[in-house]
Amino acid sequence: MSGLFLFSKTMETIKHLQENVEITLPENGLEEKLAHTQRQNRKLIIKLGFDPTAPDLHLGHAVVLKKIKQFQELEHKIVIVVGSFTAQIGDPTGKNKSRKPLNAAEVQHNAQTYINQLSKVIDVSQAQIVFNSNWLDQLPFSAIIQLLSKVTVAQLLQRNDFNKRLKENTPIAIHELVYPILQGFDSVQINCDIEMGGTDQLFNCAMGRHLMEAHDLSPQIVMCMPLLKGLDGKEKMSKSLNNTIGLTDTPNDMFGKTMSIPDDLILEFLELTTDFSSTQKKEFKSCLEKGENPMNLKKVIAKNIITQYHSAEEAEQAESFFKNQFQSQRFEDKSFVSVNISSLQTEGETLSLLQLCHQLRGKVTKSEIRRLIESGAVRINNIKTTDPYLLLFPTNHTKIQIGKRDCYELV
RNA sequence: GGGGGUGUACCAGAGUGGCCAAAUGGGGCAGACUGUAAAUCUGCUGACGUACGUCUUCGGUGGUUCGAAUCCAUCCGCCCCCA
């Protein structure tokens, strides 16, 4: 009786852990690993690797992290591998131009910011953090050759990315080919049970399996989470595509960005970025099918996201800010950033609209500002003004709106 | 080692002596319409200058020329073929 109960409990756990996972390699691997480690009376060791190159985490990363968190809640052990070695070589993925290699201090610094951000989702204090330069730096060339001998060119060319580039005659540097092998070698060093990543990591993770077997270790399970699409609804969320919601974005930004996703993306966001229960998710879905305005579900999602990374209170505030700033037609509802008149550089008493906007916006060229004004993006006290050279006497309570977002009030 | 090709703005891709700050498409920005959605329409998309204009830009450098993305020399990157 109790055996049956335990069994169904285990099945439930597995189902929960498999939720939203796009690829598991091998398919029933998780079940077997769990049974295996239970027999050994130990917890799973789960590897999560990252390169400390661009230290800004976004909701796309969080998809994997949230899954890691589920494992952590069951007290499995997380090992975070900082690719300190690989980062110093440079990131080989895609067509990124040769990134300048990072020095040790930069790697350290990036790793730290990364880890700080990880702690927004997972419990870093319960995770083990290791740097792969610890072992890769030590590797004598003979050992490297030996490692390389375990992988064939044909195996490497199976990777879509390489295959495609080969066909298209775009260059592939040798170190790029070696990269997956190094990543796989990390798994050998850690002897992990599972490696976790986005589906774009499938090949590299599979390489880990291969190399572990070649080193007489039990190969890791590979679990790949789907890649979250970015705000454009087309490409994957990625900092270089400038379509991300960052984990450290302000509540207002998170809200606005979420509202701007295309409707097609709502279900994906509901599934991958929120922490609603699956029952709640189903309810929301059926509301949508019944003809609920998608906008409302977006608001729910936005608030849920903000609650996760900030607080419920700030989520509410962000919503009312959004309503006033963007949904309300009334100029007075918008919130204006106060700008001290004395901080403005004037020519005598006056300055042109161009100069004023340039000073308010900052870090933008004057040509850009001129275009904005001429294209009708600027309002003074709610009056659209398209003459960049309109002379202004800056006076108290003058309100300037530039584009949809930026509103200023002179004080 | 030999032969051929190629390198243009965020990306793709025209341009092969002046009319080129460089066609076209994508992307991006702004406006109209909206739900900061989609679709659609319009404008903009090197910098500085209120026009006329000036300056920087077509892999790097140096030349020819009144004038060069365009011609020449040289160097660099990449690709292909042969060895």
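Worth knowing before you read on, the calculation uses all heavy atoms, side chains too, and leaves out hydrogens, waters and symmetry mates. Here is the naming used below: chain letters follow the sequence lines, and residue numbers restart at 1 for every chain.
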Same-atom distance ([atom1]) from [N] to [M], integer angstrom:
N      : M      : atom1 : answer
G13(B) : G3(B)  : C1'   : 28 Å
C76(B) : U42(B) : P     : 50 Å
C55(B) : C20(B) : C1'   : 16 Å
C19(B) : A68(B) : P     : 11 Å
C78(B) : C44(B) : P     : 40 Å
C10(B) : U45(B) : C1'   : 11 Å
C52(B) : G7(B)  : P     : 34 Å
A51(B) : U57(B) : C1'   : 25 Å

Show which side-chain atoms of residues 247-262 of chain A pair as donor or acceptor with protein atoms under 3.5 Å away, not counting sequence neighbours.
from, atom 1, to, atom 2, distance (Å)
D249(A), OD2, G246(A), N, 2.9
D249(A), OD2, K257(A), NZ, 2.8
T250(A), OG1, D253(A), N, 3.2
K257(A), NZ, T244(A), O, 3.1
T258(A), OG1, M254(A), O, 2.7
S260(A), OG, K257(A), O, 2.8

Quiz prompt | Given RNA chain B, 5'-ward residue of the pair V378(A) and P262(A), judged by closest heavy atom | solution =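 Between the two, 5'-proximity favours V378(A).
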Quiz item: Closer to the 5' end of RNA chain B via nearest nucleotide, is it I402(A) or K234(A)?
Solution: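 The 5'-side residue here is K234(A).
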What's the [atom1]-[atom2] distance between [X] and [N], to the nearest Å?
X       : N      : atom1 : atom2 : answer
N293(A) : A38(B) : CG    : C1'   : 13 Å
K404(A) : G35(B) : NZ    : C1'   : 12 Å
R379(A) : A32(B) : CZ    : C1'   : 11 Å
K366(A) : C48(B) : NZ    : C1'   : 8 Å
D253(A) : U36(B) : CG    : C1'   : 12 Å
Q329(A) : U34(B) : CD    : P     : 8 Å
K384(A) : G43(B) : NZ    : P     : 15 Å
L372(A) : C44(B) : CG    : C1'   : 9 Å

For [X], what residues pass the side-chain contact (heavy atoms from CB on, under 4.5 Å) criterion, not counting sequence neighbours?
X       : result
V21(A)  : Q18(A), T24(A), K67(A), M223(A), M225(A)
S125(A) : D123(A)
R371(A) : S367(A), E368(A)

Quiz prompt | Listed once per pair and sorted, the side-chain hydrogen bond (donor to acceptor under 3.5 Å, both in side chains) pairs that draw on residues 72-83 of chain A, sequence neighbours left out | solution =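 Those involving residues 72-83 of chain A are K77(A)-Q128(A).
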Mind listing the side-chain donor-acceptor pairs of residues 299-307 of chain A below 3.5 Å, one per line with the distance, residues two or more places apart or on another chain?
from, atom 1, to, atom 2, distance (Å)
K299(A), NZ, Q327(A), OE1, 3.0
K303(A), NZ, E319(A), OE1, 3.0
N304(A), OD1, D275(A), N, 3.1
N304(A), OD1, Q308(A), NE2, 2.9
N304(A), ND2, D275(A), OD1, 2.9
T307(A), OG1, K303(A), O, 2.7

Self-check item: Results of side-chain hydrogen bond (donor to acceptor under 3.5 Å, both in side chains) for T395(A) - residues two or more places apart only
Solution: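 For T395(A), the residues satisfying side-chain hydrogen bond (donor to acceptor under 3.5 Å, both in side chains) (neighbours in sequence not counted) are T398(A).
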Could you run down the sub-3.5 Å N/O contacts of the protein with nucleotides 76-83 of chain B?
from, atom 1, to, atom 2, distance (Å)
C80(B), OP1, N169(A), OD1, 3.4

Quiz item: If you round to the nearest 0.5 Å, how far is CD1 of I80(A) from CD1 of I68(A)?
Solution: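 So the gap between those two atoms works out to 8.0 Å.
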Name the nucleic acid region contacted by [X], choosing base, sugar-phosphate or nothing; use a 4.0 angstrom heavy-atom cut-off, strictly under.
X       : result
G256(A) : base
I261(A) : sugar-phosphate
Q327(A) : sugar-phosphate

Self-check item: Ring center gap for F85(A) and F185(A) short of 6.0 angstrom
Solution: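 That pair fails the under 6.0 Å test.
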Should [N] form a Watson-Crick or G-U wobble pair with both distances under 3.5 Å, which nucleotide is its partner?
N      : answer
U36(B) : none
G67(B) : none
U24(B) : A12(B)
G62(B) : C72(B)
G43(B) : C29(B)
G77(B) : U6(B)

Quiz item: Heavy atom of residues 294-314 of chain A under 4.0 Å from RNA chain B: which residues?
Solution: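 By residue number: P294(A), M295(A), K298(A).
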Quiz item: Out of E235(A), E268(A), E271(A), which residue meets the salt bridge (charged side-chain N to carboxylate O under 4.0 Å, His left out) rule with K229(A)?
Solution: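 Testing each of E235(A), E268(A), E271(A) against K229(A), the sole residue satisfying salt bridge (charged side-chain N to carboxylate O under 4.0 Å, His left out) is E268(A).
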Quiz item: Excluding sequence neighbours, so at least two apart, what forms salt bridge (Lys or Arg N to Asp or Glu O under 4.0 Å) with D186(A)?
Solution: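 With sequence neighbours excluded, D186(A) shows a salt bridge (Lys or Arg N to Asp or Glu O under 4.0 Å) to no residue whatsoever.
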Of the options [options], whose atoms approach the side-chain atoms of [X] most closely?
X       : options                : value
E368(A) : U36(B), A32(B), A47(B) : A47(B)
R371(A) : G49(B), C44(B), U36(B) : C44(B)
R405(A) : G35(B), U36(B), C48(B) : U36(B)

Self-check item: Geometric cation-pi criterion, K281(A) with F276(A): 6.0 Å, 45°
Solution: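 No, K281(A) does not sit over the ring of F276(A).
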Practice problem: Is it possible for you to check whether R165(A) lies under 6.0 Å from the centre of the six-membered ring of F162(A), through NZ or CZ, and within 45° of that ring's axis? | Solution: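 Not flagged: R165(A) not positioned over aromatic ring of F162(A).
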Quiz item: Hey, is the side chain of S375(A) poking within less than 4.0 Å of OP1 or OP2 on C44(B), counting only N and O atoms?
Solution: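 Looking at the OP1 and OP2 atoms of C44(B), neither is under 4.0 Å from any side-chain N or O of S375(A).
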Quiz item: Quick one: does Q189(A)'s side chain get under 4.5 Å of L136(A)'s, heavy atoms only?
Solution: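 In short, these two side chains do not touch, never coming nearer than 4.5 Å.
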Under-3.5 Å N/O pairs linking protein and nucleotides 50-56 of chain B:
from, atom 1, to, atom 2, distance (Å)
U50(B), O4', Y389(A), OH, 3.4

Quiz prompt | Side-chain donor/acceptor of D263(A) to base of G35(B), under 3.5 Å | solution =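 Per atom types, the contact qualifies.
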Please output the side-chain donor-acceptor pairs of residues 286-293 of chain A that fall under 3.5 Å, not counting sequence neighbours, one pair per line with the distance.
from, atom 1, to, atom 2, distance (Å)
S286(A), OG, E283(A), O, 3.0
E292(A), OE2, N296(A), ND2, 2.8
N293(A), OD1, M295(A), N, 2.9

